[in-house]
K.L.:
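The structure is given below, and queries will be raised subsequently.
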Amino acid sequence: MHELDYAKMGARIRQLRKVKGWSQEKVAKKCGISLNFMGHIERGTRKMSMDTFVNLCRELETDADALLFGITQPSDTAAHGMWGQVGSKDHDSYVMYIQIMKSVADIMKSKGHFKEL
């Protein structure tokens, strides 16, 4: 079981926000929270509601595991979105695509291309 580290979670939120080139103010507005509270979240000095957490995940286009624990494994939902609507006859090629993407992610992680927070 993972233990929540709010400072690390805030750092991951900050990193994703900066990758998008967004200010704290922009993310705060998108999530319906104050700029001050957004700063507290990124510093890990205050806990957020589940609604705010869900809004952050949606606006930053990430999943809960990525923000909570830094686990960045692609979900089947995300892969379906990239792949498009997969018919039953395309299932084997879809499974192969997922295996390839996971292999690429593992290689990049082993080479230090993914910064772990």
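Just the heavy atoms: all of them, side chains too, but no hydrogens, waters or symmetry mates, feed the values below. Residues take their numbers from the sequence shown, with the count starting at 1.
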K.L.:
Side chains of K30 and W22: does their closest heavy-atom pair fall under 4.5 Å?
P.N.:
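Yes, side chains in contact.
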K.L.:
Go through the structure and list residues passing side-chain contact (heavy atoms from CB on, under 4.5 Å) with Q24, not counting sequence neighbours.
P.N.:
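Applying side-chain contact (heavy atoms from CB on, under 4.5 Å) to Q24 gives R17, L35, M38, E42.
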K.L.:
Tell me, please, which residues at least two apart from T45 pass side-chain hydrogen bond (donor to acceptor under 3.5 Å, both in side chains).
P.N.:
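With neighbours one apart ignored, the set is H40.
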K.L.:
Listed by chain and number, what are the salt bridge (Lys or Arg N to Asp or Glu O under 4.0 Å) partners of K29, not counting sequence neighbours?
P.N.:
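Only E25 meet the salt bridge (Lys or Arg N to Asp or Glu O under 4.0 Å) criterion with K29.
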K.L.:
State yes or no: do L4 and F37 share one hydrophobic cluster built from I, L, V, M, F, W and Y residues joined by side-chain heavy-atom distances below 4.5 Å, directly or via other members?
P.N.:
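They do share one cluster, since a chain of ILVMFWY contacts under 4.5 Å joins L4 to F37.
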K.L.:
How would you list, by chain and number, every residue that makes a side-chain contact (heavy atoms from CB on, under 4.5 Å) with T62, sequence neighbours excluded?
P.N.:
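Residues passing side-chain contact (heavy atoms from CB on, under 4.5 Å) with T62: L16, L60, A66, L67.
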K.L.:
Under the side chain to side chain contact (heavy atoms under 4.5 Å, CB included) rule, what do I41 and T52 come out as? Steps first, then yes or no, please.
P.N.:
CA-CA 10 Å; I41 290 170; T52 298; 4.0 Å; yes
K.L.:
Taking R43 for its side chain and G10 for its backbone only, find out whether a donor-acceptor pair lies under 3.5 Å.
P.N.:
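Not a single qualifying donor-acceptor pair exists.
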K.L.:
Who passes salt bridge (Lys or Arg N to Asp or Glu O under 4.0 Å) against K26, sequence neighbours left out?
P.N.:
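Applying salt bridge (Lys or Arg N to Asp or Glu O under 4.0 Å) to K26 gives none.
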K.L.:
Heavy atoms only: give me the nearest R12-L68 pair and the separation to one decimal.
P.N.:
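In this case the closest contact between R12 and L68 is NH2-O, 2.6 Å.
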K.L.:
Considering residues at least two apart in sequence or located in another chain, which fulfil the side-chain hydrogen bond (donor to acceptor under 3.5 Å, both in side chains) criterion with K47?
P.N.:
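K47 satisfies side-chain hydrogen bond (donor to acceptor under 3.5 Å, both in side chains) with no other residue.
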K.L.:
For D51, which residues count as a side-chain contact (heavy atoms from CB on, under 4.5 Å) partner, sequence neighbours excluded?
P.N.:
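Result, side-chain contact (heavy atoms from CB on, under 4.5 Å) vs D51: S49.
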K.L.:
If you group Ile, Leu, Val, Met, Phe, Trp and Tyr by side-chain heavy-atom gaps below 4.5 Å, do M50 and L56 land in one group?
P.N.:
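Cluster IDs for M50 and L56 match.
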K.L.:
Taking side-chain hydrogen bond (donor to acceptor under 3.5 Å, both in side chains) as the test, write out the residues that go with R58, two or more places apart.
P.N.:
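Only N55 meet the side-chain hydrogen bond (donor to acceptor under 3.5 Å, both in side chains) criterion with R58.
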K.L.:
List the residues meeting salt bridge (Lys or Arg N to Asp or Glu O under 4.0 Å) with K18, not counting sequence neighbours, and say none if there are none.
P.N.:
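So K18 forms no salt bridge (Lys or Arg N to Asp or Glu O under 4.0 Å) with any residue.
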